[in-house]
2 protein chains.
Amino acid sequence: MGTTQLESVPEPKYWHLKTVLSEALDSEFTVGEILPNERELAARFGVARATLRQALEQLELEGRLQRRRGVGTTVAPPRVGVDVGTERRTWPGASGDTWQLVDCTVDAPPAAVADALGIDRDEPVHIVRRSRVSHGRPVAAELLYVPQSSVPDLTAIDAPSGTARARAVLRELQHLALEGQDRAVELGSARADDAKELDRLPGAPVLVVTTRFFAEGRTAALSVATYRADTCRLTFGASGGVEIHHGQERQAS
Amino acid sequence: MGTTQLESVPEPKYWHLKTVLSEALDSEFTVGEILPNERELAARFGVARATLRQALEQLELEGRLQRRRGVGTTVAPPRVGVDVGTERRTWPGASGDTWQLVDCTVDAPPAAVADALGIDRDEPVHIVRRSRVSHGRPVAAELLYVPQSSVPDLTAIDAPSGTARARAVLRELQHLALEGQDRAVELGSARADDAKELDRLPGAPVLVVTTRFFAEGRTAALSVATYRADTCRLTFGASGGVEIHHGQERQAS
DNA sequence: CAGTGGTCTAGACCACGGA
DNA sequence: CCGTGGTCTAGACCACTGC
């Protein structure tokens, strides 16, 4: 081998395709513009549709594209910075939070949630559903699990209907002294119900933010919030008064 | 509508397959166990390999499986909780941090990074490469961008080689008074070099943690850390002394 | 209704890891 | 060397959107 063997490492077609498309998006398209359809693009690049789709999937994962069945593929706007600040340690539903109540049920939680709450796996808890909207688009769906022991003063009279009961549960929560909280962020895929609320297909990538609220020496509530990974950037503002001019704060290419 | 129309919504095969496999993983497999190969599994479920792979991909995305070319598909251990705590606001490289120095170069940063740092796009900066290991496995790769103006006392003599220079840059950083920092987390896909360091294929899903360090009224450094999304759960410990017994803290199914 | 992206098939070959 | 997962093809049909 006389020459440096750079060509002997064939880049996958979809990877190269992704690079080419990415550059084209930067230079030849504007936000919201609709791309040629997949069959057309595949033909234009001389690849099978499946290969072209592999490239599009990556670009969608990175928040560069948005695809909707029956409509087409459009150039996505930059990701929305969504504040999930840690320093403001308050109960959910405290004044100024950005969540919309959806409804509230009483049911046995998933086993993992019961374990985290330190309760029996078949002990029913309040499950408050909330959703979060930013810039007119749904960005997150939340399930807030509240053991009945955390809101002992809640009576059946307080809970005539879904959102009213949700309000009552959150109101009762404020009575507890919040001793602390912790958070975790991980990648997940949207369950069917979350997907519907987020206007995505089931299985869409989401950032799952799990928050545990501590009071009276135990976990008094557990929040599982799923954010659209394609359109959201979770921000943890921690410095004083520095303005964020988020635009192309994307990963280096 | 007399009956609830549940059957009229045909679930995609790969989605159903994913559910079945997921339950099988819980009940019939142990961590580290190797699954039958894809051709075998596809045949067993009576689907094409591509369909089977779609299900496996989702499970890998959720951290349930690990696939390695030439080896096979294994049952993944629960995600590792990696602390990216916000309260401990220190410069990178301060005592007690868990990063390993890799090397250090001087080069023009990507345009987005230059913008975030508020410098010209062709102004070279120090680029410190670090990696983070947890439980014996690489979990993150970081690029730390430090404008030369942030470490004015650094001389060429301090920088004989890669890691030595990296050490020198971090040492100089400690001399600045850290005024604040902020963080953002978003989904990305691994670039080729990061992928190599993380022992993954290019394009693998990663959680990108961008941290801006403020000093002297400006952004004095910018860290872009990419964490393996399949194996990591980013934790933001914020409560006092509460022990985390992470095990099955997975998203509710 | 036509056009879009989403799912699925049944093949083929390639790149990598380990024996 | 063989077996693995990774890539790619050229089709097909389905589900959804908007006209």
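Numbers restart at 1 for each chain; the letters A, B, ... are given by sequence-line order, proteins then strands. Only this structure's heavy atoms are used, side chains among them; waters, hydrogens and symmetry mates stay out. All values reported here derive from a predicted model rather than from experimental measurement.
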List for me each residue that meets salt bridge (charged side-chain N to carboxylate O under 4.0 Å, His left out) alongside B:E38, sequence neighbours excluded, and say none if there are none. B:R49, B:R53, B:R67
Applying salt bridge (charged side-chain N to carboxylate O under 4.0 Å, His left out), can you list everything that pairs with A:E142, at least two apart in sequence or on another chain?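 So A:E142 forms a salt bridge (charged side-chain N to carboxylate O under 4.0 Å, His left out) with A:R130.
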[X] [atom1] to [N] [atom2], straight-line distance once rounded to whole Å:
| X | N | atom1 | atom2 | value |
| --- | --- | --- | --- | --- |
| A:K13 | C:dC14 | NZ | P | 12 Å |
| A:F45 | D:dA10 | CZ | C1' | 19 Å |
| B:Q66 | D:dT4 | CD | P | 18 Å |
| A:N37 | D:dT17 | CG | P | 18 Å |
| A:L17 | D:dC8 | CG | C1' | 12 Å |
| B:R69 | C:dC13 | CZ | P | 18 Å |
| B:R67 | C:dG17 | CZ | P | 16 Å |
| B:L41 | D:dT4 | CG | P | 11 Å |

Ignoring backbone atoms, establish whether B:Y14 has a side-chain N or O less than 4.0 Å from OP1 or OP2 of C:dC8.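 Looking at the OP1 and OP2 atoms of C:dC8, neither is under 4.0 Å from any side-chain N or O of B:Y14.
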Would you say B:T73 reaches D:dT4's phosphate, i.e. side-chain N/O to OP1/OP2 under 4.0 Å?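 False: B:T73 side-chain N/O out of range (4.0 Å or more) of D:dT4 OP1/OP2.
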What I want to check is whether the side chains of [X] and [Y] have a donor and an acceptor closer together than 3.5 Å.
| X | Y | answer |
| --- | --- | --- |
| B:R79 | B:T231 | no |
| B:E62 | A:S189 | yes |
| B:R183 | A:T235 | no |

Of the listed nucleotides ([options]), which one gets closest to any side-chain atom of [X]?
| X | options | answer |
| --- | --- | --- |
| A:V71 | D:dG18, C:dT9, D:dC8 | D:dG18 |
| A:A48 | D:dG5, D:dT9, C:dT9 | D:dT9 |
| B:L201 | C:dT4, D:dG5, D:dG6 | D:dG6 |
| B:P12 | D:dG6, C:dT4, C:dC8 | C:dC8 |

List in numerical order all residues of residues 49-59 of chain B for which some heavy atom is under 4.0 Å away from an atom belonging to DNA chain C.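 Per residue number, the list reads B:R49, B:A50, B:T51, B:Q54.
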Donor/acceptor link under 3.5 angstrom from A:R39 side chain onto base of C:dG3: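 When only heavy-atom distances are counted, A:R39 does not reach the base of C:dG3 through any donor-acceptor pair under 3.5 Å.
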Heavy-atom side-chain contact between A:V185 and A:Y227 under 4.5 Å: no
At under 4.0 Å between heavy atoms, what does B:R68 touch on the DNA or RNA strands: base, sugar-phosphate, or nothing?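 Contact class for B:R68: sugar-phosphate only.
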Minimum heavy-atom distance B:A229-A:L187, with the two atoms named: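 Looking at all heavy atoms of both residues, the closest pair is CB-CD2, 3.6 Å.
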